[in-house]
There are 2 protein chains.
Amino acid sequence: MQEKEISLAVIKRLPRYYRYLGELLENDVVRISSKELSERMKVTASQIRQDLNNFGGFGQQGYGYNVEYLYTEIGKILGLDRKYNIIIIGAGNLGQALSNYTDFERRGFYVTGIFDTNPRLEGISIRGIEIQMIENLEKFVKNNPVHIAVLTLPRLKAPQVAKEVVGLGIKAIWNFAPVDLNLPPDVIVENVHLAESLMRLSYDLKASEDNTKPFEKEADNKNKGN
Amino acid sequence: MQEKEISLAVIKRLPRYYRYLGELLENDVVRISSKELSERMKVTASQIRQDLNNFGGFGQQGYGYNVEYLYTEIGKILGLDRKYNIIIIGAGNLGQALSNYTDFERRGFYVTGIFDTNPRLEGISIRGIEIQMIENLEKFVKNNPVHIAVLTLPRLKAPQVAKEVVGLGIKAIWNFAPVDLNLPPDVIVENVHLAESLMRLSYDLKASEDNTKPFEKEADNKNKGN
DNA sequence: TAGATTGTTAATCGATTAACAATC
DNA sequence: TAGATTGTTAATCGATTAACAATC
């Protein structure tokens, strides 16, 4: 259906547009121009128009964009016009936190199963969903449609479990383990590498402290990009 | 100290290099060429050499790179050769999960305080650190050096708390709230927007399902980039 | 020394920004 | 209609890749 390949850079920006439009909608803003949105989001108006036009003309000359319409359309592009069943594998702190995160349901992501290897967690209930032993995974997936598997388990276990999950026919993995999963090309993997995010923060912090050191000020006081 | 501005794209790749080098080190690999590393990481050897040369010549012609040396040097670049005290503001599921995350300590990030507004959480201990009421924040920061504040609190509260935190002199924020914090330019903000990550996953999943639909196969069966 | 592989310059590719005609 | 703002083409900018001389 898509005419030409959409660049990854564009796709990565879509959820942020969606978030801003959602906020505008909350504030009962009916229409917005690319210029005004660009000022709020701190990007260029040109980029907004280019990005949106990858998917079609959602605006109107002389008027701008209807907030509600654009919000809905971007939602459709992002695949938020349907429901997803997700299972969480690894019921440690992070897995439990994500299981408890009701916000995802508002967007159509429903946790339907939670799995772990630790027998002490068996049967513990999170928002009405009992933690199961991972041995039950195969049976569960065969009886319940699962669209996304969330991996919140130790680095050394993740690749093997990912393989099993893919073997059961699951096509999308949200990976929180600090490792790259090498899976067949038809499997979608989205990584959340918290440690890497924290390292970028410490890099920036270090760089800004270096810039503040009095004797180096003159040498490199150009502004840092965001 | 830095000669020219390092591009954001390069900085974002550094933690991944660091992770791969750490794995090689674990496996007692002593040296590696850009070519071999490029095959493991699925990037070009050229990119690796370009990236590293932003920071200096870490390799040796005809030999490659010494894994341990390169690992250490990238660690220094990322600011991992020192310790950071971090406080967590918002002791909900995610805040507690991060507080429990011992992995960060290995990299030098120490949780020294946890804060919330919910009186029912007051005094609950996580790894020996008692959850405090947010009213104590100012006093705490004045008596204890804090390098990084982690915001794991609701979207609507985050901007105000961020402002307060910055007012207390904290220069770096790891923001998990789904909102952009508009803070002075000398404050470092690293965002982790989980909902946006999940939306990218659903976009990719949708796109791959569209590609699999039999009648559209011919129209767009080019390979999707990663 | 010969072979390997870096560091670095030059060429290519892709993404962002600017500009403006089309049009509401 | 006049003014505003999009959709889209063209120009610019920056990042990636290729190539190879330097050198271990």
Side-chain angles (χ1 to χ4, degrees), chain A residues 2-14 16-17 20-21 24 29-71 73-74 77 200 222-226, chain B residues 2-14 16-17 20-21 24 29-71 73-74 77 200 222-226:
Chain A
Q2 236 150 244
E3 303 302 326
K4 53 187 163 186
E5 204 60 44
I6 309 290
S7 91
L8 186 60
V10 174
I11 294 158
K12 289 213 274 189
R13 285 191 290 265
L14 287 181
R16 188 157 178 264
Y17 293 137
Y20 271 82
L21 290 163
L24 290 168
V29 177
V30 174
R31 62 166 278 270
I32 193 156
S33 67
S34 59
K35 182 157 182 290
E36 200 196 329
L37 187 57
S38 77
E39 282 157 8
R40 288 176 184 255
M41 296 187 64
K42 291 173 183 159
V43 298
T44 63
S46 204
Q47 181 165 77
I48 292 175
R49 294 203 299 277
Q50 284 276 25
D51 283 353
L52 296 179
N53 271 88
N54 281 295
F55 303 96
F58 300 121
Q60 204 171 331
Q61 283 99 327
Y63 173 86
Y65 300 88
N66 178 284
V67 173
E68 188 170 5
Y69 174 69
L70 188 55
Y71 178 79
E73 289 304 309
I74 294 180
I77 293 165
R200 282 193 287 276
K222 321 146 201 162
N223 278 338
K224 260 208 84 230
N226 188 26
Chain B
Q2 238 151 241
E3 303 302 326
K4 51 186 165 188
E5 205 59 44
I6 309 291
S7 90
L8 186 59
V10 173
I11 293 159
K12 289 213 270 189
R13 285 192 290 266
L14 288 180
R16 189 159 177 263
Y17 292 137
Y20 271 81
L21 290 163
L24 290 168
V29 177
V30 173
R31 59 166 281 271
I32 194 155
S33 67
S34 59
K35 181 157 182 292
E36 201 195 328
L37 187 57
S38 78
E39 282 157 6
R40 288 175 184 256
M41 295 186 65
K42 293 175 180 156
V43 297
T44 63
S46 204
Q47 180 166 77
I48 292 175
R49 295 204 297 279
Q50 284 276 24
D51 283 355
L52 296 179
N53 272 88
N54 281 296
F55 303 98
F58 301 120
Q60 202 171 334
Q61 282 100 329
Y63 173 85
Y65 299 87
N66 177 284
V67 174
E68 189 172 3
Y69 174 68
L70 187 56
Y71 178 79
E73 289 303 310
I74 295 180
I77 293 166
R200 283 193 287 275
K222 320 147 201 163
N223 278 338
K224 256 210 85 225
N226 188 24

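Per chain, numbering begins at 1; letters A, B, ... match sequence-line order. Everything numeric in this text was worked out from a predicted model, so none of it was measured.
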Fill in: Pairing annotation in dot-bracket form, given for DNA chain D with Watson-Crick or G-U pairs under 3.5 Å and | for cross-strand partners
..||||||||||||||||||||||
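- Heavy atoms only, all atoms of each residue included: B:I48 and B:Y17 are closest at CA-OH, 3.6 Å.
- Across all strands, A:S46 comes closer than 4.0 Å to base atoms (heavy-atom distances).
- Here the closest heavy-atom approach between residue B:R49 and residue B:S34 is recorded as NH1-OG, 2.9 Å.
- For the pair B:R31 and B:Q50, nearest-nucleotide mapping onto DNA chain C gives the more 5' position to B:R31.
- Distance check: B:I32 CD1 to B:L24 CG gives 4.5 Å after rounding to the nearest 0.5 Å.
- Between A:I6 and A:F55, some side-chain heavy-atom pair lies under the 4.5 Å cut-off.
- In terms of position along DNA chain C, the nucleotide closest to A:S7 lies nearer the 5' end than the nucleotide closest to the other residue of the pair A:R49 and A:S7.
- Distance alone, capped at 3.5 Å, is enough to place a donor-acceptor pair between the A:R16 side chain and the A:M41 backbone.
- With a cutoff of under 4.0 Å to any heavy atom of chain B, the contacted region of DNA chain C is bounded 5' to 3' by C:dA4 to C:dA10.
- Nearest heavy-atom pair across B:L14 and B:I74 is O-CG2, 4.0 Å.
- Using a 4.5 Å heavy-atom cutoff, the side chains of B:Q47 and B:D51 are in contact.
- Interatomic distance, A:L52 CG to A:Y65 OH, rounded to the nearest 0.5 Å: 5.0 Å.
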